[in-house]
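Note on naming: letters A, B, ... go to the chains in the order of the sequence lines (proteins, then strands), and numbering restarts at 1 for each one.
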Amino acid sequence: MGRLTSGTDAYRDAVSSALIGWGLAGLRELPWRTTSDPWSILVSEVMLQQTSVSRVLPKYADFIGRFPDPAALAAAPLGEALELWRGLGYPRRCRNLRDAATLICDSHGGVVPSTLGALLALPGVGAYTARAVLAFAHRADVAVVDTNVSRVLSRLDNRSMTARELQETADSLVPRGMGWEWNQMIMDLGARICTARGPMCGRCPLAGTCAWRGLGDDPARSSAGASRPQGRFEGSDRQARGRAMRAVSAAGVPRREVVAAMGVEPERAERLIAALVAEGLMVERGDSVAAP
DNA sequence: AAATCGGGGCG
DNA sequence: CGCCCAGATTT
């Protein structure tokens, strides 16, 4: 039998049954998969934005333990949250999460909203994270499109896809009543089998319905959601910013010490510190710099 | 559409 | 050493 045409009911059913047969038994055991608390889900999803599962694992429980609900995070100084965030990278995510917690307390009675529109209005919450809360906390039949799903779907159809195409295709594939399971499984497939480098097509449950199968140019590389080449980290602004974040403390640190810790020319260090202050990730106190 | 934003781990 | 990671926001 030939490969089924994408977009048809038969295609959807074939993909569904094959993936469900593969995935339900062997899902990775992850702490955010054993809760339906929307706040816990939201925290995990923000942590997982561009940060691998293995790096989030040791941080997640500590953060939830200290900030078990939006009110706890909203009430804490940002600097305290940033301490628990240290090592995850992209600290603006932590600031956004705290701003989101404040908005949740001020406008939603302290309860994480459960509509797509209200979730998208939270700072740091985009198309992926909003739907992840709906699917994983509320078991809604909406599809999440992360880097894994983008890769799997574009390879299945062997073509580069836009963000809109990916979302529409993903939504059309979710089996009714199985939003939670479906999204977890297709992400696991991308993380464990249909990987960015060295995909293991030989043990892929969807190989029979895949138009790519590892042959020829990888359509995932040019699809929306694919990782784009980055500049060198060594010597970058990002590295210097990271060093600055580690150098400051709640008590405050003399400016020159922070500049020295950053390992770049003083003029450049000062410019980066000014940006960090403007972003609310640190504050100036007289001649020193402190955690916010 | 392209740039920016951390940091670590793996092939 | 290059590439990638459960993205979002700004330009």
Side-chain angles (χ1 to χ4, degrees), chain A residues 27-28 30-33 40-60 82 85-97 99-100 119-137 142-153 160 162-164 166-167 170 179-180 182-192 194-200 218 220-247 262-263 271-272 275-276 278-281:
Chain A
L27 280 183
R28 293 174 293 175
L30 303 170
W32 43 89
R33 285 180 170 172
S40 298
I41 299 293
L42 177 60
V43 170
S44 73
E45 294 302 340
V46 173
M47 286 185 168
L48 287 162
Q49 289 168 3
Q50 291 292 283
T51 303
S52 52
V53 168
S54 61
R55 288 178 56 201
V56 170
L57 280 176
K59 295 288 184 181
Y60 170 74
L82 286 170
W85 199 271
R86 184 163 301 172
L88 284 176
Y90 293 147
R92 70 172 48 159
R93 291 181 298 171
C94 183
R95 182 208 62 196
N96 285 338
L97 188 57
D99 289 344
L119 285 163
L120 288 172
L122 300 175
V125 175
Y128 165 79
T129 304
R131 288 174 176 82
V133 171
L134 295 177
F136 299 141
V142 298
V144 302
V145 178
D146 72 331
T147 184
N148 293 299
V149 177
S150 167
R151 190 169 56 245
V152 170
L153 295 184
S160 170
T162 66
R164 179 180 301 276
L166 286 165
Q167 185 67 56
W180 190 96
W182 175 262
N183 285 301
Q184 299 287 10
M185 287 187 294
I186 193 169
M187 282 196 293
D188 253 32
L189 183 74
R192 294 161 55 185
C194 192
T195 53
R197 288 181 294 175
M200 294 168 273
D218 184 356
R221 290 187 300 105
S222 49
S223 280
S227 60
R228 313 218 350 126
Q230 296 187 337
R232 294 274 182 288
F233 181 66
E234 192 66 29
S236 68
D237 283 357
R238 288 156 63 182
Q239 181 183 47
R241 283 167 56 101
R243 287 171 171 168
M245 290 296 293
R246 287 178 184 273
M262 293 171 70
R271 174 175 63 78
L272 293 174
L276 288 164
E279 292 169 42
L281 293 174

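Backbone-only contact: A:Ala196 has heavy atoms under 4.0 Å from sugar-phosphate atoms and none from a base. Residue A:Arg28 is in base contact, counting any heavy-atom pair closer than 4.0 Å across all strands shown. Within 4.0 Å (heavy atoms only), A:Arg221 reaches no atom of the nucleic acid at all. When heavy atoms are screened at a 4.0 angstrom cut-off, A:Thr129 is found touching the sugar-phosphate backbone but no base atom. Within the 4.0 angstrom heavy-atom criterion, no nucleotide atom of any strand lies near A:Leu97. If you check every strand for non-hydrogen atoms under 4.0 Å, A:Ala127 touches sugar and phosphate atoms only. Nucleic acid contact class of A:Arg86 (heavy atoms, under 4.0 Å, all strands): none. Backbone-only engagement by A:Gly126 is indicated by non-hydrogen atom pairs under 4.0 Å involving sugar-phosphate atoms exclusively. Using a 4.0 Å heavy-atom cutoff across all strands shown, A:Pro91 reaches sugar-phosphate atoms only and no base atom. Contact annotation for A:Thr51: base contact, defined as any heavy-atom pair under 4.0 Å involving a base atom. Among the protein residues, A:Val125 comes within range of the sugar-phosphate backbone only, with heavy atoms under 4.0 Å from sugar or phosphate atoms but none that close to a base.
With A:Asp218 contributing its side chain and A:Arg197 its backbone, the two residues share no donor-acceptor pair below 3.5 Å. At distances below 3.5 Å, not a single donor-acceptor pair connects side-chain atoms of A:Thr129 with backbone N or O atoms of A:Val46.
In this entry the distance linking CZ of A:Arg232 with C1' of B:dC5 reads 18 Å, nearest Å. At whole-Å resolution of the value, CH2 in A:Trp85 and P in B:dG7 are 13 Å apart. Whole-Å rounding puts the A:Met262 CE to B:dG6 P distance at 11 Å. Distance CG (A:Leu281) to P (B:dT4): 18 Å, rounded to an integer number of Å. Atom CZ of A:Arg197 is separated from atom C1' of B:dG11 by 6 Å (rounded to the nearest Å). Look at CD on A:Glu279: it is 13 Å from P on B:dT4, rounded to the nearest Å. Between A:Met245 atom CE and B:dG7 atom P the separation is 9 Å, expressed in whole Å. The CZ atom of A:Phe233 sits 15 Å away from the P atom of B:dT4 (whole-angstrom rounding).
A:Asp188 is not listed as a side-chain neighbour of A:Asn148, based on a closest heavy-atom distance of 4.5 Å or more. A:Val53 places a side-chain heavy atom less than 4.5 Å from the side chain of A:Trp32. A 4.5 Å side-chain heavy-atom check between A:Asp237 and A:Arg271 finds at least one atom pair inside the cut-off.
Between A:Leu120 and A:Ser54, the residue anchored nearer the 5' end of DNA chain C, judged by the nucleotide with its closest heavy atom, is A:Ser54. When each of A:Arg243 and A:Pro229 is assigned the nucleotide of DNA chain B with its nearest heavy atom, A:Pro229 is the one assigned upstream, toward the 5' end. Residue whose closest nucleotide on DNA chain C sits further toward the 5' end, between A:Arg92 and A:Ala226: A:Ala226.
Side chains of A:Glu45 and A:Tyr128: a donor-acceptor N/O pair is present below 3.5 angstrom, by distance only. No side-chain donor from either of A:Gln49 and A:Arg93 sits under 3.5 Å from a side-chain acceptor of the other.
When the P atom is used for both B:dC5 and C:dC1, the distance is 23 Å, rounded to whole Å. Between C:dT11 and B:dG6, the distance separating the two P atoms is 15 Å to the nearest Å. Of the P atoms belonging to B:dC10 and C:dA6, the separation is 13 Å, rounded to the nearest Å.
Minimum heavy-atom separation, A:Pro123 to A:Ala100: CG-N, 3.6 Å.
In terms of phosphate contacts, A:Arg238 brings no side-chain nitrogen or oxygen within less than 4.0 Å of OP1 or OP2 of B:dG7.
The only option from A:Glu279, A:Arg246, A:Met262 that meets the side chain to side chain contact (heavy atoms under 4.5 Å, CB included) definition with A:Arg241 turns out to be A:Glu279.
The footprint of chain A on DNA chain C, defined by a heavy-atom cutoff below 4.0 Å, extends from C:dG2 to C:dT9.
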